[in-house]
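Here's the structure, in structure tokens; my notes come after.
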Amino acid sequence: MPQYTSVETAHWALHMPQPNPQFWNNIAAKYALRPVSDVASYEYKLARIGQYLEDGMVVLEMGCGTGSVAIKLAQQFPGVRFVAEDYSEEMIHIAQHKLVNLGLSNLTFHCRCAGQEWQDGKVFDMVIAMNLIHLVPDWQELLEQVIKKLKPGGWWVSSQFCLGEISLAIRPAIGLVLALGQLLGKIPAPIHFLKVQGYRDVIQAKGLLIKYDWHPQGRAKVPFIMAQKPT
Ligand SMILES: C[S@@+](CC[C@H](N)C(=O)[O-])C[C@H]1O[C@@H](n2cnc3c(N)ncnc32)[C@H](O)[C@@H]1O
């Protein structure tokens, strides 16, 4: 039986021994061609992130997909160093291909599972996770690791769909569809059913200060949160 907590309502996931990028490898080419669904919100989030970037900072983006966010930010902030990672080789292959003609010396892409192989002593001014955290098997453990890697005053920036907010009436049907899709390899696993307030509570319980909490109009299930590590 799935575990129900105040943070997330269920783990509709097939249990896997370790994170598996196969689903994302399979869809990477299509994902790269997908237009941004809500351009205004996307630009708004980038602008908010940009407000806190300064020359000399080092930023990590986890689960960067084909690299659009990292590329946009690296173009806009040449004095900031960006490291962008994803565990899907295909996503990173496409991201690196995009870089070829851009001449960006302040951005590198790496194929890495979030939280793994982080060099000791490496610290960041900001860690970004867009549409990722609900997919990470132990996302709370990952958040703890991230916080250790943040400099004092550093930022945790995240945005994701909180499936735990969907109506109770349709949740079993959605759960069934997801489980079936996961069995057929058409949907990634795991997918956490996060609750918005539960997610905020975890961030704060781990010691971060929520400084910016926004969602696109009419889309309260997709919080964009910027939280700072105390100085
Ligand atoms: C929904 S996509 C989001 C991509 C990009 N951040 C965006 O917002 O367009 C999720 C991405 O996270 C990556 N991903 C999922 N779990 C991961 C993990 N444990 N470690 C690293 N990357 C992961 C997938 O390969 C995929 O590229």
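Counting starts at 1 for both ligands and their atoms, in listed order.
- Ligand 1 is approached by Cys113 to a heavy-atom distance shorter than 4.0 Å.
- A single hydrophobic cluster is not seen to contain both Met57 and Val146; linkage of ILVMFWY side chains at heavy-atom distances under 4.5 Å, directly or through other members, places them apart.
- Given atom 7 (C) of ligand 1, the protein heavy atom at minimum distance is Tyr31 OH, 3.5 Å.
- Between the side chains of Ser158 and Tyr199, at least one donor N or O lies within less than 3.5 Å of an accepting N or O.
- The ligand atoms of ligand 1 that sit less than 4.0 angstrom from a heavy atom of Leu132 are 12 (O), 14 (N), 15 (C), 16 (N), 17 (C), 23 (C).
- At a 4.0 Å heavy-atom cut-off, ligand 1 touches Arg112 through the backbone alone.
- Contacts between Met130 and ligand 1 below 4.0 angstrom, taking non-hydrogen atoms only, involve backbone and side chain alike.
- Residue Tyr87 touches ligand 1 through backbone and side chain together, judged by heavy-atom distances below 4.0 Å.
- Looking at atom 5 (C) of ligand 1, its nearest protein heavy atom turns out to be Gly63 O, 3.5 Å.
- For ligand 1, the atoms lying closer than 4.0 Å to a non-hydrogen atom of Ser88 are 25 (O).
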For a side chain to side chain contact (heavy atoms under 4.5 Å, CB included) check, start with the C-alpha distance between Ile49 and Val59, then their side-chain angles and the critical distance, and finish with the verdict.
CA-CA 11 Å; Ile49 292 171; Val59 175; over 6 Å; no
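- From Phe109, atom CZ reaches atom CZ of Phe82 across 10.5 Å, with rounding to the nearest 0.5 Å.
- Scanning all protein heavy atoms for the shortest distance to atom 13 (C) of ligand 1 gives Asp86 OD2, 3.3 Å.
- Heavy-atom contacts of Met91 reach the following atoms of ligand 1: 27 (O) (cutoff under 4.0 Å).
- Salt bridge annotation for Glu165-Lys221: absent, with no cationic side-chain nitrogen under 4.0 angstrom from a carboxylate oxygen.
- Of the protein's non-hydrogen atoms, Ala114 N, 2.8 Å is the one closest to atom 20 (N) of ligand 1.
- Ring geometry for Tyr44 against Tyr212 counts as tilted: the plane angle lies between 30° and 60°, on a 0 to 90° scale.
- The Leu135 neighbourhood of ligand 1 comprises atoms 10 (C), with distances under 4.0 Å to a heavy atom of that residue.
- Both the backbone and the side chain of Asn131 come within 4.0 Å of ligand 1, counting heavy atoms alone.
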Taking it one step at a time, do Tyr87 and Ile92 satisfy side chain to side chain contact (heavy atoms under 4.5 Å, CB included)?
CA-CA 8 Å; Tyr87 74 166; Ile92 290 298; over 6 Å; no
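- Trp156 and Trp214 end up in different hydrophobic clusters when Ile, Leu, Val, Met, Phe, Trp and Tyr side chains are linked at under 4.5 Å.
- Those atoms of ligand 1 with a heavy atom of Gly65 less than 4.0 angstrom away are 4 (C), 27 (O).
- The number of heavy atoms from other shown groups lying within 6.0 Å of CD (Gln51) is above 12.
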